[in-house]
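Below is one structure, written out as C-alpha cells; the observations come after it.
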Amino acid sequence: MRSHIALQINGRRHTSEIEPNTLLLDFLRWEVGLTGTKEGCGEGVCGSCTVDVDGELVRSCLTLAVQVAGKSVTTIEGMANGEKLHPLQRKFLEHGAVQCGFCSPGLIVTANALLAANPNPSEAEVRDALRGNFCRCTGYVKIIEAVLAAASEMRSNAHE
Amino acid sequence: MNNPTEEFSVVGKNVIREEGPGKVTGFGKYAIDIEFPRMLWAKVKRSTRPHAKILNVDISRAQALPGVHAVVVDKDCPQTLFGFGCYDEPLLARDKVRYIGEPVAAVAADSEAIAEMACDLIEVDYEDLPAIFDPWEAFGANPKTLIHENQANYRRVPIGPVQYDAKHPNAFGYYRIRTGEVSKGFEEADAIIEKTYSNAMMAHATMERHNCISHWGADDNITVWSSSQAAYPLLNQISEALDVPHSRIRVIIPKYVGGGFGGKIEMKAEGLCAVLSRAAGYRPIKIIYTREESLCWAGVQHPFEMRIKSGVRKDGVITACEMFVLVNGGAYAQHGFLVTRQASYGPLGSYRFPHFKLDNYVVYTNNPPGVAYRGFGNTQIHFALESHIDELAHAIGMDTYEIRRRNVLHENEINAAGEIQHSVAGAELLDEIKSGLERHGPLERVDGPWRRGRGIAFANKDSVAPSASSAIVKIHNDETVEIRHSAGNIGQGSSTTLIQIAAEFFKVTPERVRTAEVDTWVTPYDQLTGSSRLTFAAGNAVLMACEDVKRQVLKMASELMQATPEELELADMNVFVRDNPARLMRVRDLFRTVFFTGSFLPAGGELLGKATFTVPSSKIDPETGHAANDGLRKIFSFCTRAAQAVEVAVNIETGQVKLEKIAIANDLGKAINPMSCEGQMHAAISMGLGQAISEELQISEGSILNGDFSSYRFLTAKDAPSNEYVSTHIVEIPQFDGPYQAKGFSEATTSPTAPAIANAIFDAVGVRLRHMPMTPERVLEALDQLNTEN
Amino acid sequence: MALPVFDYLAPKSIEEACAALQSKPDTSKLIAGGQSVLRVMKFRIMAPELLVDVKAIPGLRYVEEEPDVLRIGATATQTDVLRSEIVRTEFPLLFEAISRIATTAVRNTATIVGNICVGHTASDPSAALLALDAILVVVGTTGERVVPISEFFVGHMTTSLDATELVREIRIPRRKGNLGMAYLAHAGRAAMETPLVAAGAILSVRDGVCTGATIALAGADETPIRVGRAEEALVGTRIDDRTILQASSIAAEDCSPDTDVYASGEYRRRLVAVYVRDALRTAASRVQ
C-alpha cells in the first residue's frame, strides 16, 4: 500500500511514493539522498537522527515518512546559508566540538532549536537541551563551549 | 630531526580539522552513507545458543522468500580460519556455535527488512553442549567442556612464552614477567596488601555502527568500503578468510569514520559480505549492524580478574609486586592474546618494582569475544593497580600523591622489564592535577546524603613495537601538498595532525595540505589506527616523505638555478639560495608546459616523496619478558603517561556517584594541535566516567541483556560536571624521536578515571570498590557491609 | 533498524478509528506519537498488520482548563502539556514528571495519552496522573465510558483498555485549598532513562494538620501504584520528619518492585523509601 506524499525538505518541494513502513530517517537518507541525518541507536535515544519538522525537533528514526506529508523538514544539510556556515557549524569547528562527527548533525540541529527558543541559555540549559544527543568522543566539554559561543555571536549579530 | 626551541607556525596551533566542514554540514560521506546501483542488503542469522553442535541449518524457506538473492552457510564459504595472531575463527559457524550471537548464516536481499525476514525463516537445529562463562571455571585443568577442541593445532604467531598449554586447555594466551625475587621483596616490606580487582564487560559504543559494502567484482577483484579503523589489517584478514591474495583486494576507508576505540580493528562482516556478493551474482552487498550487534557481537572489552599482592616500606617505597591476571577472552581469540601481553607491561611503565612477578592468562569462554579496546588492557590493569596503590598508602599512612611520587619512574630509567624509559612524565603530571583540582579550593566535607571525597590515579600506555608506517607526499603544480597515508581518521583528528606536520615542514598554511582517502590500492601500508601510534609513526613517515620530496625539488631546482642542491633551501614553496635568499624560484615554475600537454614536469614524473618509518624492538626473553640488553632496550615505540584527580559526591542512601570536578593531565611530547588533544583528554568524562560508574554489558549465561542505548548506560551531557570544574593539562615532555618531539597519548586518557573515582569514593565514604563499574547498587552494597562491620 | 511491513491508516474521526481497530482487533495497533510502538516494532516485540494513527483526527490536540478540571486531549503532545501555563503553576507534579521524559525531540511527538496506554510501570506521567486522581474518557464502538486512572493499570504492560478502544481525554480535577505537590524520580543516568522509581506526592494541610495525602509510585510494582497505607498514615497528623519517615517506610514495605536489567527489586525498594520521603518533604515545603 504505497502512498503519495509531498513535503518541503530544506525549502524544496519533494514528492514521492513510499511504503507505510518507511521511516523519515530512511526516506531522507536513501530516497532523497540526504545522508547527513544519522542513525545511531534506532530507538530514539541517541539523538543522531534529530531533524526539524515545522519548527519542532523530532526523532526521524521514530517517525514515519507518511506522518510528515505536507510538512516542512529541515535537516543538517539545510543549516548553512549557501556557502556560508551557520554560526553553530562554525563554532563547532572553531572550538573542536567535532571529533568523529557522527553526532554533530543531530547536535547542531538540536542546539539550533534551543537557541531559537532561548537565545541566551546558561550552561545548565544547554546541557539539558542536549541531554538526548549522545557523543562518545568529546566528553561534551567543547560542544557546550561551541553552543554558548554561537549563542553569543548570534545575539550580537541580531543586535546589529 | 628538528630543533625543539624552534618557533612553529603550524605545529602547536589549533588548526580546524580537515574533515570538519564535511561533518558539520552533513555532506561528508561515512561508509554507512554509501550506496551503489544494484546494491543488496545483508543480514546475519546469529546463534541463540552459547555452545552447541549445529545439527542442521534449513535455509530453504529463506531462499524462497521473494526479494532474497543469496543465503549462505559455512559450506558456501572458504574453509579457512582467520584471526589476529591465533587463527581460530570461521566466517560462519562451522559444526558448532561457541557464543550467543555467533554468525550462523547470512542473507542478501533487496532490502534490510526482507533480509531480516529471511533470517527469521532460517531454521537451525542445535544440540546443546555444556557451556562455560566463568573464566576461573574455564581455566582449570579439567574443564567441563573444551571450547576449541582443536586448539593445539591452531596456527599462531609466535610471541612470548608458549601460548597453548595442555594443563589449561581452554587458555589460548599466556604472558609472564619475572624480575628479581618477589619473596625477598616481601621480606623487606613493612606492609603487604593482597587484593583482587575486576571489571565487567564494556562496549565501545561507537556512534557509527559497524558497517561495510563488499563487492566481489566480475574481474575477481574484491573491493570493500568499510567503517574500519585499520585498512591493512582488514585487508589481510579478508585475504586469509577468503583465501584470496592481497593483490586482489582493495579496502577503502572513507575520510569520515564515526569512532573506533579499538572496536573496528578486526574484520567484521567484510569477508562474509564478499561471499554473499559472489553468491548473489557479483552485486555490491551492504550491511549495517544493528545497535545490538554493534554493542554485543562486534567485540567487547575484556573482563579481567586481577589479583595483586604488594609490599611497601614505611617510607613509601614499593618493594615487591606479584600479579595474577585472568582475562575472559570470550569464544574466539581475536585480540585477546595481544591485549594480555600489553596489559602485562602496564604496571611497569608507571612504577619502579625491584621485584616483580606476573602471570597473565586469557581463556576461551562461551561469552562474546573480547577485542582491542582503548587502553588495550591497560585500563583494567590501572584500575587495579591504582586502587591498590591507594590501599598501600593507607596501610602505611602516607599521602596518595606522595606514594606515587616515591615510585614513579624517572627519565632514562630502566624499568622492571629491562626497558629504557624516555619522555617520562611523573611528578610533572601529579603536580598538574594537584593544582588543577585545588584551584577550586579545598574539599569541603558536608553531612547529609551526598558525601564528598577526592581521589587521584596515574596510568600509562605503551605503543606497539615493532611498528611501521609509510607515507607518500605529493606536491601538485598549484603548490598544494597531498598526503597519501593509510592512517584512518576515526575522529581523533589524525589527518589534521599529519597536515600540520607537513605544513610546518614546508612552511605553508595548513589549508594548502590535504590527505587522500584511505585506499589500499593508492595509499601505502600503515600498521593500524590503534595503540595511539599515528602521531608518532605516521607523523614520522610523513616528515620523512616530505624530506624525500624536498630533495627532489632541490635537485630539480638546482639545474635551473645554477646552484647545488646543498646550497638551496625550500620554504613556502620558494626555492632559494640559502646564502642569498633573493635568488629564488617558485616550485610551481618547475612545472613547465611541454608541448601542449599541460603543466607537468618537463622530464615527466611527479614530485612524489616516499618514505617508511619503522620502529624496531629488542629481542624479548620469553621466560622473563625482559628486553635484551642490546643497546636499544626497547619493547615498545614509546610510553605516554596520564594522571587525573577527581572530586566526587557519593549518595549514601542511593549509592549514586557524581563526578563533580576533574583535573586531567596527559604527557604527549608536543601538542601538534592542542585543541584536538584536549578533545581527546575530555574522553575521561564520557568514556572514562561511563566505565567507572555506569557502563556494563550485563550478561547472563552468555546472553547480553542490555544491548541497546536505552539500557546500556552511555552517559549524557547532564552526567558530566560543569565545564567550570574540568581542567585540562597538556604536559609536554619532549619525545626525542617523535615528529616535532610529539607522541601519541589518546588511549591513556580514559585509564585513570575509574581508579581516581574509586579512590575518591573511598575518601568520601570509606568503602573500597574493587569491581568496575562502581554502580549505585555496588556502592550501596559496600556501604551496607561497612555498616554491618561497624 | 527496519520496521516490519504493515498497513497504515490515518482516520479523520474517532468513529473511523474505532471501526478500523474493530476490523482487526488482534492485529491492529493504535498510535498517537508512536514513540513507544514504533520502537518495539523495530525490536520485533510487536508486529501489527495495521497501524491506526490518531494524530490526524481533528479536535483532539488540546490542553484546556475549566473551572474544576484540566482536560488533555488524546493527541496533545508532551510538549503541549509542558507549555501550558496552568500545568506549570497549578500542577507542578505533572510538569516535573513530564519534564524528565526523554528529551524535547521525543516530547514534541510523544503524547501523554500514548505514554499511559503503554501501561508500563516505569512511566512518569502514569505516576503523576495517578497522584492527581485523573479520570480517563475512553471511547469504543459502543460509546464512551469514564475510567478512574486507579482502575486503568491492570498488569505489566496491560491496561483496562480494550483493543478497540481509545482514550479520548484525560481529566485532572483542580484542587482547592492549602496544598503542595512534588514529583521526584531516580534513574541510572541523569537523562534518557525511564525512572527506576519515581514518587509523586500531594499534601493538603489545614491549620498545620494534614487533611489529605496522596502518594503515587512508578517502578515500585507491576504497575504504577498508590500506597494507601502510607497516605492514611499521614492524614490527621502534623507533617514533620517523623511522620514523613513513617509514611515512607510504609511505602517501601507495601510496594513490590521487580528486578530487571535496570535495577534489582531490592534496590528499587530502598529507593522508594528515599524518594517518597523526599517527595513528601518537597511537597510539604510547597504547601501554601
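Below, chain A is the first sequence line, B the second, and so on; all start at residue 1.
- Contact annotation for residues 144-157 of chain A against chain B (heavy-atom separation below 4.5 Å, listed by residue number): A/Ile144, A/Glu145.
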Could you go step by step and tell me if B/Glu208 and B/Lys23 meet the salt bridge (charged side-chain N to carboxylate O under 4.0 Å, His left out) rule? CA-CA 13 Å; B/Glu208 184 190 15; B/Lys23 288 176 174 173; over 6 Å; no
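- With B/Glu18 as reference, B/Thr515 is the one residue of B/Thr497, B/Thr496, B/Asn489, B/Thr515 to meet the side chain to side chain donor-acceptor pair (under 3.5 Å) rule.
- Interface residue A/Ser48: only side-chain heavy atoms are found under 4.5 Å from chain B.
- Contact annotation for A/Glu43: only side-chain heavy atoms (C-beta onward) come within less than 4.5 Å of a heavy atom of chain B.
- Comparing A/Leu107, A/Asp128, A/Leu130 by how many heavy-atom pairs each has under 4.5 Å with chain B, the most go to A/Asp128.
- Within residues 74-87 of chain A, the residues having any heavy atom less than 4.5 Å from a heavy atom of chain B are, in residue-number order, A/Ile76, A/Glu77, A/Leu85.
- The residue among A/Gly42, A/Cys137, A/Pro105, A/Cys103 with the most heavy atom pairs within less than 4.5 Å of chain B is A/Cys137.
- B/Ile253 has its side chain within reach of B/Ser226: a pair of non-hydrogen atoms, C-beta onward, lies under 4.5 Å apart.
- Comparing A/Cys41, A/Ser104, A/Gly47 by heavy-atom pairs within less than 4.5 Å of chain B, the highest count is held by A/Cys41.
- Annotation: maximal heavy-atom pairing with chain A below 4.5 Å, among B/Gly679, B/Gly690, B/Gly260, occurs at B/Gly679.
- Contact count versus chain A (heavy atoms, under 4.5 Å) is highest, among B/Gly259, B/Ala683, B/Ala205, for B/Ala205.
- Looking at heavy atoms from C-beta onward, A/Leu114 lies out of side-chain contact with A/Thr110 at the 4.5 angstrom threshold.
- The aromatic rings of A/Trp30 and B/Trp41 sit perpendicular to each other, their planes meeting at more than 60°, with 30° as the lower class boundary.
- Looking at every heavy atom in both residues, B/Met207 comes nearest to B/Phe709 through SD-CE1, 4.4 Å.
- Although no hydrogens or angles enter the test, the distance criterion places a donor-acceptor pair under 3.5 Å between the side chain of B/Gln500 and the main chain of B/Lys13.
- Most heavy-atom pairs under 4.5 Å with chain B: of the set A/Gly36, A/Gly44, A/Cys100, this distinction falls to A/Cys100.
- Considering all non-hydrogen atoms of both residues, B/Glu116 and B/Lys43 come closest at N-CG, 3.7 Å.
- When side chains are defined from C-beta on, B/Asp110 counts as touching B/Leu40, because their heavy atoms get closer than 4.5 Å.
- With hydrogens and angles disregarded, no donor-acceptor distance shorter than 3.5 Å links the side chain of A/Ser16 to the backbone of A/Ile18.
- Nearest heavy-atom pair, A/Tyr140 versus A/Asn133, reported as atom, atom and distance to 0.1 Å: CE2-O, 3.5 Å.
- Of residues 719-726 of chain B, those residues with a non-hydrogen atom less than 4.5 Å from any non-hydrogen atom of chain A are, in numerical order, B/Ala720, B/Pro721, B/Ser722, B/Asn723, B/Glu724, B/Val726.
- The side-chain heavy atoms of A/Leu64 and A/Thr22, taken from C-beta on, include no pair separated by under 4.5 Å.
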Carefully, step by step, assess A/Glu19 and A/Arg2 under the rule salt bridge (charged side-chain N to carboxylate O under 4.0 Å, His left out). CA-CA 5 Å; A/Glu19 294 287 344; A/Arg2 290 173 83 83; 3.3 Å; yes
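- Most heavy-atom pairs under 4.5 Å with chain A, from the set B/Ser676, B/Gly493, B/Pro21: that is B/Pro21.
- Taking the six-membered ring for Trp and thresholds of 30 and 60 degrees, A/Phe102 and B/Tyr30 have ring planes more than 60 degrees apart, a perpendicular arrangement.
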Could you go through A/Arg29 and B/Glu35, starting from their C-alpha distance and side-chain angles, then the distance that decides it, and tell me whether this counts as salt bridge (charged side-chain N to carboxylate O under 4.0 Å, His left out)? CA-CA 10 Å; A/Arg29 287 174 57 78; B/Glu35 188 183 15; over 6 Å; no
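- A side-chain donor-acceptor contact under 3.5 Å links B/Ser727 and B/His729.
- Contact of A/Leu93 with chain B is made through backbone and side chain together, with heavy-atom distances under 4.5 Å.
- Highest contact tally toward chain B, considering only A/Gly96, A/Ala97, A/Cys135, A/Gly139, is held by A/Gly139 [criterion: heavy-atom pairs under 4.5 Å].
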Evaluate the salt bridge (charged side-chain N to carboxylate O under 4.0 Å, His left out) criterion for residues B/Glu678 and A/Lys142: first the C-alpha distance (whole Å), next the side-chain angles of each, then the deciding distance (0.1 Å), finally the verdict. CA-CA 9 Å; B/Glu678 286 170 5; A/Lys142 290 179 182 292; 2.8 Å; yes
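- Interface with chain B: from residues 117-125 of chain A, residues A/Glu123 qualify, criterion being any non-hydrogen pair under 4.5 Å.
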